[in-house]
Number of protein chains: 2
Amino acid sequence: MNRATGAVKGKRVVMVCGVPMDMANCPVRDVMDNIGGKWNSLMILSLADGPLRFSELRRLIPDISQRMLTQTLRDLQRDGYLSRTVYPTQPPSVEYALTDLGRSFLVPLKLFVDWSLQNHDAIRKARAEYDAVA
Amino acid sequence: MNRATGAVKGKRVVMVCGVPMDMANCPVRDVMDNIGGKWNSLMILSLADGPLRFSELRRLIPDISQRMLTQTLRDLQRDGYLSRTVYPTQPPSVEYALTDLGRSFLVPLKLFVDWSLQNHDAIRKARAEYDAVA
DNA sequence: CTGAATCCAAATTGATACTG
DNA sequence: CAGTATCAATTTGGATTCAG
């Protein structure tokens, strides 16, 4: 064991903000691994105003492939962010809607969106300066 | 052009919350592409309490490879989240510290961390139920 | 309409060895 | 100490085809 960090080799323990975190079972990483995906948070934002059908989401996000739309929706449903309702019409229609959990996630998500909009220029500037040196 | 969405094929325009977003130049995605990485936000949290040296970060996060530590730090520096200071000692030591931008990002980041800790159980439960059906 | 299945290209990451 | 360079393994994403 590493006395300085409390880390045990093979146990993937990390110290962050003075708190030991088991990286193999870290809640933050567990959440981020899902919503950090390429389309996941955009999908949640797209459903913020109300339920949408599969084909509506496809039109709303024109550049997502069918494969990724299906997979993203399934991943988000699996973690409880949204519900999937099948209406037995012919042909069938499927509606996706945020759950309470999904709606509660809109709070930190929107704060992140706001921060991004406010600081995007600063980031682009920093990036340009960094690249100029190199 | 798609009249329903305002999307122009090949222009990657997406409607979200009623606002058209150019996916090819979306501020939110631009920010997330960097801090959404596997180690990036953990790195920012690790530096929240003060500057750390390269080797200190390595000890703090035992399961990151040297390659990813270097790359993560460089990416975050490039976007202006942290500064890199070289002390010309022998052997050299390099100190990494959050910038004002990096510290300001701690606000939405910590809100996300809190949300994750509070809702992790609900997510695990939803996941278990989903898997049980399948 | 709403997917599932398959194949393949590209991007990410890890392991290892080497350097000023 | 603080990296760089290289290669292999894994993951991810897109395109296409098929199906209930």
Side-chain angles (χ1 to χ4, degrees), chain A residues 4 9-10 12 14 23-24 29-30 32-43 46-47 51-78 82-97 130 133-134, chain B residues 4 9-10 12 14 23-24 29-30 32-43 46-47 51-78 82-97 130 133-134:
Chain A
K9 190 175 184 184
R12 301 167 53 83
V14 169
M23 290 302 288
R29 173 149 305 283
D30 198 28
M32 184 135 53
D33 277 348
N34 190 3
I35 60 89
K38 187 172 182 180
W39 302 104
N40 302 37
S41 56
L42 177 62
M43 196 67 54
S46 299
L47 291 171
L52 290 173
R53 289 179 51 190
F54 188 86
S55 54
E56 290 174 322
L57 284 167
R58 258 182 70 161
R59 277 192 294 275
L60 198 63
I61 310 176
D63 59 338
I64 193 174
S65 68
Q66 200 175 47
R67 183 184 186 276
M68 290 313 295
L69 178 55
T70 301
Q71 185 173 309
T72 302
L73 288 170
R74 183 157 30 84
D75 290 344
L76 290 176
Q77 185 198 355
R78 185 171 110 99
L82 51 83
S83 62
R84 177 179 182 270
T85 309
V86 181
Y87 294 100
T89 57
Q90 189 53 259
S93 69
V94 181
E95 192 178 80
Y96 294 91
Y130 183 95
V133 175
Chain B
K9 190 174 183 184
R12 301 167 53 84
V14 169
M23 288 302 287
R29 174 149 304 285
D30 198 27
M32 184 137 50
D33 276 348
N34 189 1
I35 61 88
K38 187 171 181 180
W39 302 104
N40 301 37
S41 55
L42 177 62
M43 196 67 54
S46 299
L47 291 170
L52 290 173
R53 293 177 49 187
F54 187 86
S55 53
E56 290 174 322
L57 284 168
R58 255 181 76 163
R59 276 191 294 275
L60 198 62
I61 309 176
D63 59 338
I64 193 175
S65 68
Q66 202 174 41
R67 182 183 184 279
M68 290 312 296
L69 178 56
T70 300
Q71 185 172 311
T72 302
L73 289 170
R74 182 156 30 83
D75 290 345
L76 290 176
Q77 185 197 353
R78 185 171 111 98
L82 51 83
S83 62
R84 177 179 182 271
T85 309
V86 180
Y87 294 100
T89 56
Q90 190 53 262
S93 69
V94 180
E95 191 179 80
Y96 294 91
Y130 183 94
V133 175

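This is a predicted model, so every value here is computed, not measured.
- Taking the side chain to side chain contact (heavy atoms under 4.5 Å, CB included) definition, one finds that Arg84(A) meets it with Gln77(A), Val86(A), Val94(A), Tyr96(A), sequence neighbours left out.
- Atom CG in Leu52(A) sits roughly 11 Å away from atom P in dT2(C) (whole-Å rounding).
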> Under the side chain to side chain contact (heavy atoms under 4.5 Å, CB included) criterion, do Leu69(A) and Ser65(A) qualify, and how do the steps go?
Replying inline: CA-CA 6 Å; Leu69(A) 178 55; Ser65(A) 68; over 6 Å; no

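- Among the protein residues, Arg58(B) comes within range of no part of the nucleic acid, since none of its heavy atoms lies under 4.0 Å from any strand.
- OP1 and OP2 of dT2(C) both lie 4.0 Å or more from every side-chain N or O belonging to Ser93(A).
- Across all non-hydrogen atoms, the minimal contact from Leu73(A) to Leu57(A) is CD2-CD1, 3.9 Å.
- One interatomic measurement links the two molecules: OH of Tyr96(A) to P of dT2(C), which rounds to 8 Å at whole-angstrom precision.
- Atom pair Leu69(A):CG and dA4(C):P shows a separation of 11 Å (rounding to whole Å applied).
- Separation of atoms OG (Ser46(A)) and CG (Leu82(A)) is listed at 11.0 Å; rounding is to 0.5 Å.
- Nucleic acid contact for Gln66(B): base, since at least one base atom lies under 4.0 Å from a heavy atom of the residue.
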Pairs under 3.5 Å (N/O, protein and nucleotides 11-13 of chain C):
none

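- Checked against side chain to side chain donor-acceptor pair (under 3.5 Å), Arg67(B) has no partners two or more places apart in sequence or in another chain.
- Computed from C1' positions of five pairs at each end, the angle between the two local axes of the helix from dC1(C)-dG20(D) to dG20(C)-dC1(D) equals 50°, rounded to 10 degrees.
- The residue Tyr87(B) sits apart from the nucleic acid: no heavy atom pair falls under 4.0 Å.
- Legend: residues meeting side chain to side chain contact (heavy atoms under 4.5 Å, CB included) with Pro92(B), ordered by chain and number and at least two apart, are Gln90(B).
- Among all heavy-atom pairs drawn from Thr89(A) and Pro91(A), the shortest one is OG1-O, 2.7 Å.
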>> Using side chain to side chain contact (heavy atoms under 4.5 Å, CB included), reason through Arg53(B) and Tyr87(B) one step at a time and then give a plain yes or no.
In response: CA-CA 10 Å; Arg53(B) 293 177 49 187; Tyr87(B) 294 100; over 6 Å; no

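- Interface limits on DNA chain D: the 5'-most and 3'-most nucleotides within less than 4.0 Å of chain A heavy atoms are dG13(D) to dG20(D).
- For the residue pair Asn40(B) and Asn34(B), a side-chain donor N or O sits within less than 3.5 Å of a side-chain acceptor on the partner.
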>> Run the side chain to side chain contact (heavy atoms under 4.5 Å, CB included) test on Met43(B) and Ile61(B) for me, step by step, so that the C-alpha distance in whole Å, both residues' side-chain angles and the decisive distance to 0.1 Å come before the verdict.
In response: CA-CA 9 Å; Met43(B) 196 67 54; Ile61(B) 309 176; 4.0 Å; yes

>> Run the side chain to side chain contact (heavy atoms under 4.5 Å, CB included) test on Asp75(A) and Tyr130(B) for me, step by step, so that the C-alpha distance in whole Å, both residues' side-chain angles and the decisive distance to 0.1 Å come before the verdict.
In response: CA-CA 10 Å; Asp75(A) 290 344; Tyr130(B) 183 94; over 6 Å; no

